[in-house]
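Below you'll find the structure, written out as structure tokens, and then a few comments.
By convention in this document, chain letters (A, B, ...) are assigned in the order of the sequence lines, proteins followed by strands, and residues within each chain are numbered from 1.
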Number of protein chains: 2
Amino acid sequence: MMTLADIAALAEVSESTASRALRDNPVVNKETRLKVQQIAQQYQFNVNPTARSLRTQKSYTIAVIILFDAKSQQAISDPFLLEILGVIADELTHKGYDMLLSTSKTKDKDWKTYYIDAKRADGLIIIGQGEHDQRIEQLSHSKVPFVVWGASSGHDSFTVVGSQNRSGAEAAVSHLVAQGCKHIAFLGDYRHNEIEQRYLGYQDALQKAGLALNADYELITDFTAQDGYLKTQQQLFPLLPELDGIFAASDAIALGAMKALQEHGVQVPQQLAIAGFDDIAMSAYCSPALTTVKQDTINGGKLLVSKLLQQMDGEQAESELLPVRLLTRQSSARDRRV
Amino acid sequence: MMTLADIAALAEVSESTASRALRDNPVVNKETRLKVQQIAQQYQFNVNPTARSLRTQKSYTIAVIILFDAKSQQAISDPFLLEILGVIADELTHKGYDMLLSTSKTKDKDWKTYYIDAKRADGLIIIGQGEHDQRIEQLSHSKVPFVVWGASSGHDSFTVVGSQNRSGAEAAVSHLVAQGCKHIAFLGDYRHNEIEQRYLGYQDALQKAGLALNADYELITDFTAQDGYLKTQQQLFPLLPELDGIFAASDAIALGAMKALQEHGVQVPQQLAIAGFDDIAMSAYCSPALTTVKQDTINGGKLLVSKLLQQMDGEQAESELLPVRLLTRQSSARDRRV
DNA sequence: ATCCATACTGCAATCGATTGCAATAACGAA
DNA sequence: TTCGTTATTGCAATCGATTGCAGTATGGAT
């Protein structure tokens, strides 16, 4: 393995000069710079990131922390997660950062101590802010650069990037209403930040349509298809004669509910229309295809990264909620005449 | 930030002794050790991993590289991926390693140089060995510790952990045969290592059943539901009068195919039975529920980690293929009397 | 009393870069 | 000719640990 010292010797300059030359520091004579660079190239020299880290106190690494739901032990809508993770990875690579991944199921290490103080990472990206998390709040009182994917409260003490969950949900439910639905259930756990917004959007839509809210129609449901299936069987079947629409806080839940309904002989969408949220890969390929709200994963990932880097540059970064897109498919395609 | 020097001073010993004491080196007097440890605890001292890395030339970090399919730009069956990634993360954490994640879409950096030589990682886990990959072969000629998730050729020059794809596929197809299917199509891209095994299993089953192989029944299909849908429409519809079974190399493909068939008015499973591979979350919740082959993600992840650590300890690690489990569901539940 | 093995402890070098500051050379101005 | 600039370069300290080797003290054996 070549070291800077070797390169310096080969170029017949001091290590200091070699170091500067490699980073194209203009204080070094141009010819010298070129010579050093050329030699480094020739011998395939790369600076040792560990040594550099130790000296500069920067790691050029970002830690991405994926929070899991304490109850379901499941990440907030898996497929969505993998997508955004991919985007983040690409963006970070592109900016010259490595990505340290941590899936935090239990409340484990203290992030600041472990990642920042120990110089394992220069900043944090936290995905899946679930129920109100103590640790995130705590971070915001420190000087740790970090961004969160989730829901903005409007007056966050930290930078949040997320989807316009509320208006997206409103659009979906309004669409159900436009399809003639008058009794629409909500499936999801509104104690979860993002879901809460979707729940509010659901209410918004009902209110706008002059439809009454009905507590019986609000089912606290985990993120899984399984729970969507169960809760539908247990709590929705009795309401069936009246019920004519379901808005599920995630596609997984929606698909679970749809399964239960189909087994029970309910016609979707004729008797009951369904809409979900996320647009997971399967949504377009189930029967009937699922109407859903698609999040902008790509811009989400990019924004997370750029806002984090902004913070690391000492600038401030505002929270931002991205527009979503309603995809209407068969699961909500009812005749108007109800 | 506390440094080892601070702790040493507080404990009134030299840095050397402090360093040894913290690692419980028995050469240090027990009382001294305890004293140092106690003080370190009290002041919440943690060794700086960067400094340690520089000195010991180990990073206590493993790089996980996810290979994407060059064509579909998609990872080998996403949902499966996230699961195994989670397991690996947990295992590594448990063993005191950090996890550097890299999603390599393009042929980017030279892994050995970037991760190993630069001491960014002590070992590599490569997931998604797709079509024969030059880079993996190359790695095996170096002394880099690494393991691969994928298919074993039986005479690998490196350590592979994977599923018993061949026998799993055979079980699935034999099951279709037992359900009365006589004309079974295969959907998948057998140029991909793992899929090739599933393809062979498909052939095994047909052969055992005394059924003829038919090139028309073998459709090269990408990993996506979309391609499953398209290829089914384009190439399977003409064969429909005869065709009575499909074995898809992944659940995504199977669901795409099922969608196409249902739209076309084909009764699943009565007219045509379907089986997939992976058991993604949605498989149990589509209609009809999908018969599939479940991989042992948990043991897979654990094995990958343990075999890698074994290698890093200088031991050799054998390849290993894990048993899979056939889950029979409605999509293949036909009456026997055909 | 002398010597040696044993048990600890600490000095100083080392890992591989980066950087503040001093040193040198070269050049034009006075 | 002398002196202040400017342009370049290098010395040496530093980041925070780990470790080979040497040094000291203690106790037991002779």
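Atom CG of B:N25 and atom P of C:dC8 are 11 Å apart (whole Å). Regarding A:L22, its CG atom lies at a distance of 11 Å from the C1' atom of C:dA17, rounded to whole Å. C:dT14 atom P lies 17 Å from atom CG of A:L54, rounded to whole Å. Rounded to an integer number of Å, the gap from B:K58 NZ to D:dA17 P is 18 Å. Atom pair B:K119:NZ and D:dT18:C1' shows a separation of 16 Å (rounding to whole Å applied). Rounding to whole angstrom units, CZ of residue A:R52 and C1' of D:dT14 are separated by 16 Å. Per the geometry, CE belonging to B:M2 stands 15 Å off P belonging to D:dC15, to the nearest Å.
Closest approach of B:A118 and A:N48 over heavy atoms only: O-OD1, 4.3 Å.
The backbone N or O of B:A317 lies less than 3.5 Å from a partner atom in the side chain of B:T159, making a donor-acceptor pair. Here the side chain of B:N29 pairs a donor or acceptor atom with the backbone of B:E31 at under 3.5 angstrom. Not a single donor-acceptor pair under 3.5 Å links the side chain of A:N25 to the backbone N or O of A:V28. Side-chain N or O atoms of A:T61 include none that pairs as donor or acceptor with a backbone N or O of A:D98 at under 3.5 Å. Without hydrogens or angle criteria, A:D122 side chain to A:Y60 main chain gives a donor-acceptor distance under 3.5 Å. In terms of modelled atom types and a separation under 3.5 Å, the side chain of A:Q197 and the main chain of A:N165 share no donor-acceptor contact. In this structure a side-chain-to-backbone donor-acceptor pair under 3.5 Å is present from A:S53 to A:K58.
Every pair passing salt bridge (charged side-chain N to carboxylate O under 4.0 Å, His left out) that includes a residue from residues 12-25 of chain B is listed here, sequence neighbours excluded: B:E12-B:K35, B:D24-B:R33.
For B:Q57 and C:dT14, the shortest distance from a side-chain N or O to OP1 or OP2 is not below 4.0 Å. A sub-4.0 Å separation between OP1 or OP2 of C:dA17 and a side-chain N or O of A:R23 is absent. Contact annotation: A:N48 does not reach the phosphate of C:dA17 (side-chain N/O to OP1 or OP2, under 4.0 Å).
In the set D:dG16, D:dT18, C:dA17, the nucleotide with an atom closest to the side chain of A:A51 is C:dA17. With distances taken from any side-chain atom of B:R55 to the nucleotides D:dT9, C:dA13, C:dG16, the minimum falls on C:dA13.
Residues from residues 4-19 of chain B with heavy atoms under 4.0 angstrom of DNA chain D, sorted by number: B:L4, B:E15, B:S16, B:S19. Of the residues in residues 30-47 of chain B, those placing a heavy atom less than 4.0 Å from an atom of DNA chain C are B:T32, in numerical order.
Residue order along DNA chain C, read from the 5' end via each residue's closest nucleotide, puts A:M1 first among A:R20 and A:M1.
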